[in-house]
Amino acid sequence: MKIATYNVNGINGHLSIVLRWLEESKPDVACLQELKAPNEKFPLEAIEGAGYKAIWHGQKSWNGVAILTRGLDIQEVGRVLPGDPEDLHSRYIEALVNGIHIGCLYLPNGNPYPGPKFDYKLQWFERLNLHAEALMKAGTPTILTGDYNVMPQEIDVYKPERWGNDALFRPESREAFHKLIGQGWTDAIRKLYPDEVIYTFWDYFRNAYERNAGLRIDHFLLSPNVDKRLKAAGVDRNVRGWEKSSDHAPVWIEIAD
DNA sequence: ATGCCGTGGAAACCACGA
């Protein structure tokens with residue numbers, strides 16, 4: 001079973017890219033972030049035409065998340081991250097697929113640091129950690145994947161010395177991620193490739209992709225009972241090189257059925 | 001060190017992203 005995550009940076013603006021990627025990569029499950037579209041503008045016909053069912057939680061202009069499945073039933077179990085009824089951003093959706101609990105998340109960027117956006121990021125992270133702990137304790141096989149907007153280690157940053165005061169690399173953000181990992185989650189890419197430089201995002205300008213000036217911010221976190229089924233993981237790096245693509249590349253894992 | 005590019009929506013610029 002192949003599961004992927006992809007920050008599409010506008011599901012309609014990049015629809016042809018997303019469809020081409022689905023066709024070529026053929027994930028059984030695809031978690032999408034940054035739809036940048038309200039619910040009624042989700043391109044369901046095109047997604048169904050590609051052979052996928054979908055659940056989604058959109059929002060006008062910003063955010064928005066979706067989970068797609070190919071040939072598998074999908075049961076939505078939540079579309080908000082618990083803990084703050086005043087938070088109206090569409091950044092989380094959760095489903096049961098094939099007996100696996102899948103959380104698709106778009107963690108706040110948090111820049112500029114310091115400021116209210118950074119505070120919101122840390123609060124959201126705290127809520128995620130609480131929810132993740134509950135999922136872990138429930139014991140269901142669980143995958144928490146998406147755009148975490150955090151580079152966990154220096155190896156995950158093109159020039160770490162330049163990112164010290166950025167919300168994506170602040171000690172507080174990295175500490176929150178490491179605290180989450182400390183609950184027992186496995187960072188799938190890092191487990192299989194402990195010492196490799198692997199990026200999932202390249203800026204649009206300064207030829208960042210051509211220079212490989214990237215960041216690793218899209219992650220797969222696996223509960224122990226999914227981790228033991230992990231067979232492979234990777235980044236569809238070439239997709240980032242397609243003309244008019246998102247600034248992120250898709251990330252995927254393969255687990256035993 | 002930097003939003004230099006790109007999307008979306010509203011308004012002919014601005015918010016936001018990482």
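Owing to the predicted nature of the structure, the values given are computational and were not obtained by experimental measurement. Letters go in sequence order (proteins before strands), and every chain restarts at 1.
Comparing the C1' positions of dG3(B) and dA15(B) gives an interatomic distance of 12 Å, to the nearest angstrom. Nucleotides dA10(B) and dC5(B), compared at atom P, are 25 Å apart to the nearest Å.
One atom, CD1 of Ile217(A), and another, P of dG17(B), lie 12 Å apart when rounded to the nearest Å. In this structure, the NZ atom of Lys244(A) is 11 Å from the P atom of dG8(B), given to the nearest Å. Following rounding to the nearest Å, Asn149(A) (CG) and dG17(B) (C1') show an atom-to-atom distance of 8 Å. Rounded to whole angstrom, the span from the CD1 atom of Ile17(A) across to the C1' atom of dT7(B) amounts to 14 Å. Here dG17(B) presents its P atom at 18 Å from OH of Tyr113(A), a figure rounded to the nearest Å. Computed from coordinates, the Arg211(A) CZ to dC5(B) C1' distance equals 13 Å when rounded to whole Å. Rounded to whole Å, the distance from CD on Gln33(A) to C1' on dG8(B) is 18 Å. Regarding Asn63(A), its CG atom lies at a distance of 10 Å from the C1' atom of dG17(B), rounded to whole Å.
Atom CD of Glu161(A) has more than 12 neighbouring heavy atoms from other residues, nucleotides or ligands inside a 6.0 Å radius. Within a 6.0 Å sphere centred on NZ of Lys41(A), heavy atoms belonging to other residues, nucleotides or ligands number 12 at most.
In this structure, a donor-acceptor pair under 3.5 Å is absent between the side chains of Tyr209(A) and Asp247(A). At a cut-off of 3.5 Å, with distance as the only test, no side-chain donor of Asp84(A) or Trp124(A) sits close to an acceptor on the other residue.
Of the candidates dG3(B), dG17(B), dT7(B), the closest approach to any side-chain atom of His14(A) belongs to dT7(B). The side chain of Asn9(A) lies closest to dT7(B), out of dA1(B), dT7(B), dG3(B).
Scanning for side chain to side chain contact (heavy atoms under 4.5 Å, CB included) contacts around Phe42(A) gives Leu35(A), Leu44(A), Ile47(A), Ala54(A), Trp56(A), Ala66(A), Leu68(A), with sequence neighbours left out. Trp21(A) meets the ring pair (Phe, Tyr, Trp, His ring centres under 6.0 Å) test with Tyr6(A); sequence neighbours excluded.
As judged by a 4.0 angstrom heavy-atom cut-off over every strand, Asn165(A) is placed among residues making no nucleic acid contact. At a threshold of 4.0 angstrom between heavy atoms, the contacts of Phe169(A) with the nucleic acid are absent. Here Asp247(A) lies out of heavy-atom contact (under 4.0 Å) with every strand. When heavy atoms are screened at a 4.0 angstrom cut-off, Asn207(A) is found touching no nucleic acid atom at all.
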Whether each nucleotide of nucleotides 9-16 of chain B has a protein heavy atom under 4.0 Å at its base (B), only at its sugar-phosphate (S) or at neither (-) is summarised, 5' to 3', as SS-----S
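By the 4.0 Å N-to-carboxylate-O rule, Asp195(A) lies too far from Arg190(A) to be salt-bridged with it.
Between Phe205(A) and Asn111(A), the residue anchored closer to the 5' end of DNA chain B is Phe205(A), taking for each the nucleotide with the nearest heavy atom.
With hydrogens and angles ignored, a donor-acceptor pair under 3.5 angstrom links the side chain of Asp203(A) to the base of dG3(B).
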